[in-house]
Amino acid sequence: MSANAQVAEVFDQMAAALELLGANRFRVNAHEKVARVLRDLTDDVRAVVEENPPAAVARLRSFDGIGESSAKKICEWVETGSVPEHQKLLSQVPLGLFEVLAIPGVGPKAAKLMWEELGIESLEDLKTTSDEALSSLPRMGKKSVEKIRQAIDFSEKSGDRVPLGVARPMAQKLVAELSKLDGMQQVDFAGSLRRGKETIGDIDILVATTDAEAVREAFCSHPDVTQVLARGETKCSVRLENERGVVMQADLRIVPEEAWGAALMYFTGSKEHNVRLREIAIGKDRHLNEYGLFSGTAERPQDRGETPVAAASEESIYQALELPFVPPEMREDRDEFSDRWNGEALISLSDVKAELHAHTTASDGRLSIEELAKEARRRGFHTLAVTDHSKSQPIANGLDEDRLLAHIDAIRKADAKIDGIRILAGSEVDILADGSLDYDDELLAQLDIVVASPHAALRQEPVVATERLLRAIRHPLVHIIGHPTGRIVGRREGLSPDTKRLYEAAVEHDTVLELNSNWNRLDLRDAHLRAALQAGCKIAIDTDAHDTWQLDHLVYGILTARRAGMRPEQCINTWPADKLHSWLESKR
DNA sequence: GCCGTTTTCGGCCCGACTGTTTTCAGTCG
């Protein structure tokens with residue numbers, strides 16, 4: 001785990017402990033914010049502190065949300081490996097209680113009561129505590145106990161958050177079916193799904209309709225629904241299960257059409273973005289809630305029949321607040337309210353005109369060169385790079401030198417045969433553990449494009465990983481570094497190199513870094529990508545497709561790129577054919 | 001605990017829902 005992630009964990013635990021001990025909620029929030037800032041930070045805090053200890057506190061304080069006290073704690077962690085305040089809190093609150101706090105419906109008050117009154121110190125304790133004992137607690141009746149039992153059951157069955165690429169099709173299916181209903185005015189999904197986060201907790205569907213009952217009925221009786229959790233006037237909650245057994249909660253919200261924009265904004269979040277937006281509204285003597293943006297700062301203007309200044313569209317609300325429109329993917333309270341964001345168009349799916357990383361039957365793909373090329377052409381691409389695996393990937397049927405030479409020949413023939421698309425002879429060459437490549441330079445020079453990727457030795461120490469990747473970036477025949485960290489979302493952390501040095505080297509050597517669109521990878525991830533772009537790196541967004549349907553994964557790459565604030569020209573896949581081809585040739 | 005071209009002190013988003021209650025605390029997003 002990276003230093004930043006480890007310190008973030010310390011702050012999250014301090015926040016949870018403080019919450020359980022009944023500390024001021026703003027203090028709790030402040031700790032949570034520090035954890036969040038640390039997770040998004042691309043500067044490595046260990047490096048920041050070790051490089052210049054006397055200036056470390058000031059440097060850390062320059063990050064929004066980190067103050068004097070937190071900066072000192074971070075320094076303590078780097079210098080001694082622990083934070084005394086953290087240790088002190090852990091001695092006051094049992095660690096297992098954090099699992100109890102994590103159960104939906106159990107907040108700090110309830111967890112604290114369970115602990116103090118019933119001696120519950122872990123999830124296991126809670127499970128073995130009788131219903132009678134639990135319901136003896138204040139404000140804890142039969143229904144509350146039942147809900148807690150169900151929540152434990154659900155979290156054990158459904159596990160953690162679901163990858164974007166699994167959740168999005170489930171939501172799209174629901175939206176497509178609801179949109180067919182009579183009286184439907186608007187329907188869309190909101191929440192982290194609309195923001196394109198790499199993992200999704202639950203699905204939020206928003207609807208404006210003239211026939212609410214029809215929508216409620218269609219939603220609650222949908223074939224994928226296994227349980228209806230709640231069915232109210234404006235909100236229904238269900239459990240969905242897809243054909244592969246993935247279980248998710250989905251919430252339906254029915255909102256008035258005239259407040260569609262305000263509601264969509266509210267339910268899209270993020271929470272942190274909304275909070276900042278409301279603060280900005282107050283500063284302009286306005287009041288923002290899910291019913292609209294109102295004049296004055298009095299509470300609940302909608303109840304007094306006041307007409308909002310803006311409500312029907314998200315655009316109108318940002319405009320009335322004198323802010324550039326913020327695309328959903330950027331709403332994370334990072335820097336979308338700073339001068340850095342001016343509302344310029346972000347990259348979109350239709351900007352992409354080339355696929356530069358894809359596999360065929362020569363290695364572990366399912367399509368022939370021609371099938372792949374025709375599929376790429378059908379999508380309006382002007383260029384396709386065929387990049388099969390190299391010899392150190394026997395599990396992926398990687399090509400040895402002789403097979404690669406024959407493959408290059410076959411690609412050239414296909415290129416001559418098929419009109420309307422340029423087919424490039426390439427390779428996804430392994431970056432070996434020491435940073436050398438899997439083919440010699442003479443062979444690499446015969447390829448039109450070289451994507452160099454790490455596949456093995458993905459648990460290397462950061463220092464070793466940095467040197468390994470730097471060596472590949474500096475290699476004069478390498479165009480693109482494929483999935484640079486080798487991480488798998490939620491399953492494998494991958495390499496944790498000094499990203500700052502990688503980005504500087506990539507700029508210096510004109511080497512492109514990949515954003516791999518496969519939803520299992522999304523590598524570089526959003527925060528890294530943002531820093532790479534700010535460092536001036538060029539990016540390739542590729543699908544790494546092994547079959548036709550995987551070319552559709554491009555959308556996940558685009559969502560991730562938008563989260564990083566990417567403009568079209570920063571992505572080489574958007575370049576016109578001649579610009580792209582001449583850049584590729586510049587490395588030959 | 002953090003933050004400040006109106007503040008170095010005094011604020012810190014807003015509303016819905018639920019269950020347990022006779023008026024609201026706790027939790028969530």
Side-chain angles (χ1 to χ4, degrees), chain A residues 11 14-15 18-19 22-37 60-74 85 89 100-114 134-148 150-151 190-195 197 200-204 206 229-237 249 251 253-255 259 262-294 297-303 331 333:
Chain A
F11 276 87
M14 285 196 287
L18 285 166
E19 204 171 20
N24 175 311
R25 76 188 163 97
F26 299 108
R27 201 173 154 214
V28 175
N29 287 349
H31 280 81
E32 285 173 351
K33 169 140 194 194
V34 171
R36 191 166 67 88
V37 168
L60 291 168
R61 286 198 62 186
S62 73
F63 302 116
D64 187 47
I66 299 179
E68 178 87 19
S69 156
S70 299
K72 284 184 176 159
K73 291 190 181 90
I74 294 167
E85 175 78 17
L89 286 168
V100 177
L101 191 58
I103 300 166
V106 179
K109 296 278 161 54
K112 192 176 181 209
L113 276 171
M114 289 178 192
L134 283 173
S135 47
S136 72
L137 295 171
R139 306 198 61 83
M140 183 71 70
K142 218 176 153 186
K143 280 197 165 176
S144 299
V145 173
E146 175 65 14
K147 278 197 153 182
I148 289 169
Q150 280 187 1
S192 52
L193 203 51
R194 184 161 177 253
R195 302 200 308 279
K197 269 194 85 162
I200 306 298
D202 52 23
I203 294 171
D204 293 303
L206 207 59
L229 301 168
R231 183 167 172 162
E233 278 292 299
T234 60
K235 181 185 166 181
C236 301
S237 284
Q249 181 169 329
D251 296 335
R253 320 268 180 168
I254 301 172
V255 304
L264 185 59
M265 183 181 264
Y266 172 73
F267 287 113
T268 296
S270 67
K271 182 172 179 263
E272 290 79 11
H273 178 86
N274 287 346
V275 167
R276 279 293 300 279
L277 215 49
R278 287 170 186 184
E279 286 171 356
I280 289 169
I282 291 169
K284 294 181 186 288
D285 203 30
R286 298 273 168 88
H287 184 93
L288 178 64
N289 61 29
E290 59 262 51
Y291 298 99
L293 179 69
F294 297 86
T297 52
E299 281 177 21
R300 305 191 61 88
Q302 68 276 12
D303 289 353
R331 298 180 196 165
D333 189 22

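On a predicted model such as this, the values are computed, not experimentally measured, just so you know. So you know, we letter chains A, B, ... as the sequences are listed, proteins then strands, and number each from 1.
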*Asks:* Report the distance from atom CZ of A:F11 to atom C1' of B:dC2, rounded to the nearest whole Å.
*Replies:* 12 Å
*Asks:* When rounded to the nearest Å, what value does the distance between C1' atoms of B:dC28 and B:dC13 take?
*Replies:* 14 Å
*Asks:* Base, sugar-phosphate, or nothing for A:K112, non-hydrogen atoms under 4.0 angstrom?
*Replies:* nothing
*Asks:* When the C1' atoms of B:dA16 and B:dG11 are compared, how many Å lie between them, rounded to an integer?
*Replies:* 25 Å
*Asks:* Using the C1' atom as the point on both nucleotides, what is the distance between B:dT8 and B:dC3, in whole Å?
*Replies:* 9 Å
*Asks:* NA contact type, A:P138, heavy-atom cut-off 4.0 Å: base, sugar-phosphate, or nothing?
*Replies:* nothing
*Asks:* Under the salt bridge (charged side-chain N to carboxylate O under 4.0 Å, His left out) rule, what do A:K271 and A:D333 come out as? Steps first, then yes or no, please.
*Replies:* CA-CA 9 Å; A:K271 182 172 179 263; A:D333 189 22; over 6 Å; no
*Asks:* To check you understand the geometry: which heavy-atom pair defines the closest contact between A:F11 and A:A35, and what is its length?
*Replies:* CB-CB, 4.0 Å
*Asks:* How would you label the contact of A:V106 with the nucleic acid (heavy atoms, under 4.0 Å): base, sugar-phosphate, or nothing?
*Replies:* sugar-phosphate
*Asks:* Applying a 4.0 Å non-hydrogen cut-off, can you work out what A:K109 is touching in the nucleic acid: base, sugar-phosphate, or nothing?
*Replies:* sugar-phosphate
*Asks:* Output the rounded distance in Å from CG (A:N29) to P (B:dG1).
*Replies:* 13 Å
*Asks:* With both distances under 3.5 angstrom, what nucleotide forms a Watson-Crick or G-U wobble pair with B:dT8?
*Replies:* none
*Asks:* Across the strands shown, which category fits A:A110 at heavy-atom distances under 4.0 angstrom: base, sugar-phosphate, nothing?
*Replies:* sugar-phosphate
*Asks:* If you check every side-chain atom of A:S144, which of B:dT18, B:dC13, B:dT20 has the closest atom?
*Replies:* B:dT20
*Asks:* Could you give the CZ-to-C1' distance, from A:F26 to B:dG4, as a whole number of Å?
*Replies:* 16 Å
*Asks:* Of the listed nucleotides (B:dG29, B:dG19, B:dG1), which one gets closest to any side-chain atom of A:K147?
*Replies:* B:dG19
*Asks:* Measure from CD on A:Q249 to C1' on B:dG29 and round the result to the nearest Å.
*Replies:* 12 Å
*Asks:* Rounded to the nearest Å, what distance is computed from the CG atom of residue A:L134 to the C1' atom of nucleotide B:dG26?
*Replies:* 16 Å
*Asks:* Both A:K235 and A:A30 contact DNA chain B. Which one's nearest nucleotide lies toward the 5' end?
*Replies:* A:A30
*Asks:* What are the two closest heavy atoms between A:A262 and A:N289, and how far apart are they?
*Replies:* CB-O, 3.9 Å
*Asks:* So what does A:R25 touch, heavy atoms closer than 4.0 Å: a base, only the sugar-phosphate, or nothing?
*Replies:* nothing
*Asks:* Under 4.0 Å between a side-chain N/O of A:T268 and OP1 or OP2 of B:dG29, yes or no?
*Replies:* no
*Asks:* Under a 4.0 Å threshold between the charged nitrogen and the carboxylate oxygen, would A:E68 count as salt-bridged to A:R61?
*Replies:* yes
*Asks:* Side chain of A:H287, heavy atoms from C-beta onward: which of B:dC17, B:dG26, B:dG15 has the nearest atom to it?
*Replies:* B:dG15
*Asks:* Identify whether any heavy atom of A:I103 sits under 4.0 Å from a base atom; if not, whether one sits that close to sugar-phosphate; answer base, sugar-phosphate or nothing.
*Replies:* sugar-phosphate
*Asks:* What integer number of Å spans the C1' atoms of B:dT20 and B:dG26?
*Replies:* 11 Å
*Asks:* Starting at the 5' end of DNA chain B, which residue's closest nucleotide do you reach first, A:N289 or A:K73?
*Replies:* A:K73
*Asks:* Over all strands shown, is A:Y266 touching base, sugar-phosphate only, or nothing at heavy-atom distances under 4.0 angstrom?
*Replies:* base
*Asks:* So A:T268 and A:R194, side chain to side chain donor-acceptor pair (under 3.5 Å) or not? Walk me through it.
*Replies:* CA-CA 7 Å; A:T268 296; A:R194 184 161 177 253; 2.8 Å; yes
*Asks:* Please determine, for the side chain of A:E279, which listed nucleotide (B:dC14, B:dG19, B:dC12) has the closest atom?
*Replies:* B:dC12
*Asks:* Just checking A:L277: base, sugar-phosphate only, or nothing, at a heavy-atom cut-off of under 4.0 Å?
*Replies:* nothing
*Asks:* Side chain of A:K143: nearest nucleotide among B:dG1, B:dT27, B:dG19?
*Replies:* B:dG19
*Asks:* What distance do A:E32 atom CD and A:R25 atom CZ have between them, rounded to the nearest 0.5 Å?
*Replies:* 11.5 Å
*Asks:* Does A:R27 place a side-chain N or O at less than 4.0 Å from the phosphate oxygens OP1/OP2 of B:dG1?
*Replies:* yes
*Asks:* By nearest atom, which of the nucleotides B:dG29, B:dG1, B:dC24 is closest to the A:S70 side chain?
*Replies:* B:dG1
*Asks:* Taking atom C1' in both B:dT22 and B:dG10, compute the distance separating them and give it to the nearest angstrom.
*Replies:* 35 Å
*Asks:* Does A:N274 form a side chain to side chain donor-acceptor pair (under 3.5 Å) with A:E272? I'd like the steps, not just the answer.
*Replies:* CA-CA 5 Å; A:N274 287 346; A:E272 290 79 11; over 6 Å; no
*Asks:* Within the structure shown, what part of the strands sits under 4.0 Å from A:G191 by heavy-atom distance: base, sugar-phosphate, or nothing?
*Replies:* nothing
*Asks:* Taking A:K142 first and then A:E146, would you say they form a salt bridge - that is, a charged N and a carboxylate O separated by under 4.0 Å?
*Replies:* no
*Asks:* Could you state the atom-to-atom distance from CZ of A:R276 to P of B:dG4 in whole Å?
*Replies:* 10 Å
*Asks:* With rounding to the closest Å, how many angstrom separate the C1' atoms on B:dT7 and B:dC12?
*Replies:* 13 Å
*Asks:* What does A:D64 touch in the nucleic acid at a heavy-atom separation under 4.0 angstrom: a base, only the sugar-phosphate, or nothing?
*Replies:* sugar-phosphate
*Asks:* Figure out the CG/P separation between A:L113 and B:dG19, and round it to whole Å.
*Replies:* 18 Å
*Asks:* Given atom NZ of A:K271 and atom P of B:dG15, what is their separation to the nearest angstrom?
*Replies:* 15 Å
